[in-house]
Amino acid sequence: RLDPPTLPPVANEFDARLAEWRRDLESALAGLYGDAADSVRDALVERARAADAERLPELVDLDRARNASPYWYQGRQRVGYMAYVDRFGGDLAGVRRRIPYLTELGIDTLHLLSLLEPRHGENDGGYAIRDYRRPDPRLGTVDDFHDLIADLRSNGISLCLDFVINHTSDDHAWARAAAAGSEYHRALYRTYPDRTEPDAWEATLPEVFPNLAPGSFTWNDEMDRWVWTTFREFQWDLDWSNPDVMLEVADLALGLANDGVEILRLDAIAFTWKRLGTNCQNQPEAHLIAQALRAVLAMAAPSTVLLAEAIVGPDDLVAYLGRHEHGSERRECELAYHNQLMVQGWSMVASGRADLARHAISRLADIPDRSTWFTYVRCHDDIGWAIDDADAAHVGLSGSGHREYLAAFYRGEFPQSFARGLPFGRNEETGDERTCGMTATLAGVTAALAADERGGAHDAGGLDRAIERILLLYGIAFGYGGIPIIYMGDELCQQDDTAWAGTPSQAGDSRWAHRPAFDDELAPLRHDPTTPTGRVWAGLRHLVETRTACLPLHDDGATVRMFDPGNRSVFAWHRSHPRFGDLVGLANVGDDTIDVVAHPELRPEAIDLLAPHDPRPWRIAPRQVRWISADADYATVPAPPSG
Ligand code: GLC
């Protein structure tokens, strides 16, 4: 690990941090609350000071270590794993029992999906929170939660947790009090006596769940009012223009940080600020909210970082990491999902061409030195086909045509499609359709195994190609830079859960197809290299070990540039670190073997870290990824993967 040994305490640590972060807080609050900003600041600082006083000694030690090594989340050894508590371990104690499994895989960052006490009844997979101060009682007690965090920490694993800040559930204490007539609590939400305002807002609001929950407002009988509900009808949007929301939410954030959560995932941050006449996403104030929370946490719990869950178009993405217009920088989220890389990865394997991806990603601004990406292939949500019209036009495609093609390809519409995905959130008016499915199911494993079962004349290499696609996509996610995240089940080549459609609480929401329970029968096969599970496991282990040995994959000032390798089927990127050398990544997304092109970094002494013994001159087989390093000092070839 890169963390230095614990340092001796400095006097007045809180005051030093207050001095460092005060201006960030003040400028954010001035932009959000105008004249009220000073009193909000005072109230927030008071809360931060109280939280600081209550911080556990072991967390204070962590704060001190990280104060000396602030970019701990940028290390090349970072590898994440994303899972639901119930699906992965049954409950919190069950997740604890799986720590050795995580360690065997090489995980040091565990992202547990929403686990706080959810709404009774339907709860959008846990994203309608009833009580932010304790876990879902079905998963365990507050003590179980603390025991898990302590165990993770002692095994070198940082916990990332969802923090749902756009809305609460309709049975949260605030919502109950609002419904019962409390003025204070009603003002935490956005409610309206009649349709006048909702109609005015809806004129420009897109629907997030057009089939599950049409419209963005829900009538509430108790209050005799409409409530703003962007997502499901039981998820009540908070009114962030009310400073009391900031105070209440900051309190909850400090509580989770003091529980020992190291990464807070700001759920649906893009939706937090509403502005009439807009789509109410990515408003400048959403960034100020993140900046204010960043500053408050930095004062009291400096080892906590923020992850933006902003699944937005390429033009809006980098701002969540604090890069704003004309290159100006602000301190807001340290981490953000690289959903462009994810979407472009799936677009590349469907189309066999990398030119669109290279162009789209090359347009992203450089991220601030203090930030990095969460790179991923799949997660618990649907894939929204965030292909920009202008990017598509640049390579001669129609944006809407390509988006429609991808949705149809991944639901297995075309004879050449290897995917068996499911449609999600189809909007008949706009034609927009998203896609669900586990990586294995989308990459071709399900179709290939079904063909095998049917026997007869079928495409013999189908399964091999499907596994190669999985490793191709993960090879890009692991070699691009940032924290690569393995979505639970992908390491076992686990396919879709088919039971969801017959489960009343899940039917209608095809995202449940890719939220299966951890497969205890598949897991032992990870050590059998003749099985798809064993092959994917070994492939991922190889990526983990190679990555750990590769210094240019450290962030903190590294840049990534796309380049044109002279072939439309090759996704090519060049990472350059100011101190740790360079890495060239080449991924062949097409079906033909290709000669490796000339590139200044491909000097005679360069090695392919993923296949160090391949003879020169290099060629790249279909679906192969190469990570080429010219700096032998910086990148060592790892030992062969261990099981
Ligand atoms: C995020 C979650 C998603 C949820 C939504 C509303 O996008 O990832 O699962 O439905 O927020 O909370």
Side-chain angles (χ1 to χ4, degrees), residues 80 82-87 111-119 121-130 132 136 160-172 175 189 205-216 218 227-238 240 249 252 263-272 274 279-282 286 289-290 306-313 316-317 320 333 335-339 342-343 374 376-384 386 422 424-425 434-437 485 487-488 500 505-506 508-515:
M82 186 193 277
Y84 281 101
V85 171
D86 58 342
R87 310 246 136 193
H111 174 195
L112 290 178
L113 291 156
S114 194
L115 63 77
L116 301 176
E117 186 183 4
R119 179 180 189 271
E122 271 196 78
N123 57 39
D124 187 27
Y127 287 86
I129 308 273
R130 175 188 162 87
Y132 288 78
D136 183 340
C160 170
L161 196 71
D162 271 299
F163 188 40
V164 183
I165 61 167
N166 177 68
H167 46 264
T168 74
S169 75
D170 60 357
D171 63 357
H172 186 284
Y189 300 96
L205 273 177
E207 290 174 308
V208 177
F209 293 143
N211 325 103
L212 288 170
S216 297
T218 301
V227 187
W228 193 310
T229 53
T230 299
F231 294 89
R232 295 293 299 272
E233 62 283 8
F234 46 75
Q235 288 162 303
W236 289 16
D237 284 46
L238 291 164
W240 277 92
V249 172
L252 299 173
I263 304 174
L264 278 181
R265 172 188 183 272
L266 300 185
D267 183 69
I269 175 74
F271 294 84
T272 45
K274 328 289 187 201
N279 66 359
C280 295
Q281 292 177 35
N282 306 308
I289 291 169
L306 297 179
L307 163 66
E309 194 252 342
I311 309 303
V312 300
D316 293 310
L317 188 55
Y320 288 92
C333 296
L335 301 161
Y337 289 88
H338 203 326
N339 79 304
M342 182 278 289
V343 164
F374 251 38
Y376 65 118
V377 175
R378 283 299 290 122
C379 71
H380 69 297
D381 279 330
D382 48 290
I383 304 176
L422 295 165
F424 180 80
R434 286 119 79 184
T435 297
C436 290
I485 308 293
Y487 181 59
M488 190 210 85
W500 68 277
S505 61
Q506 299 175 0
D509 188 343
S510 52
R511 289 178 299 173
W512 289 101
H514 54 247
R515 298 169 177 175

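Each ligand, and each atom within it, is numbered from 1 in the order the structure gives.
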Which ligand 1 atoms, with their elements, are less than 4.0 angstrom from a heavy-atom of [X]?
X    : answer
F209 : 10 (O)
E309 : 1 (C), 7 (O), 8 (O)
H167 : 6 (C), 12 (O)

Report the nearest protein non-hydrogen atom to atom 1 (C) of ligand 1: residue, atom name, distance rounded to 0.1 Å.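 Looking at atom 1 (C) of ligand 1, the protein heavy atom closest to it is D267 OD1, 2.8 Å.
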Return the closest protein heavy atom for atom 4 (C) of ligand 1 as residue, atom name and distance. D124 OD2, 3.3 Å
Hey, what's the ring geometry for F231 with H167, parallel, tilted or perpendicular (30° and 60° as the breaks)? tilted
For H111, run the side chain to side chain contact (heavy atoms under 4.5 Å, CB included) check against I485, I263, D162 and tell me which one passes.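 The single option meeting the side chain to side chain contact (heavy atoms under 4.5 Å, CB included) with H111 is D162.
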Under 6.0 Å between ring centres: does that hold for Y376 and Y337? yes
Got E309 and D381 here, is their nearest side-chain heavy-atom distance under 4.5 Å? yes
Is the closest side-chain heavy-atom distance between F424 and D509 below 4.5 Å? yes
Minimum distance, heavy atoms only, to atom 3 (C) of ligand 1: which one of I269, D509, D381 is it?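 Closest candidate by heavy-atom distance is D381.
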Looking at T168, D170, D124, D171, which hits side-chain hydrogen bond (donor to acceptor under 3.5 Å, both in side chains) with R119? D170
Please state which part of R232 comes within less than 4.0 Å of ligand 1, counting heavy atoms only: side chain, backbone, both or neither.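 Neither part.
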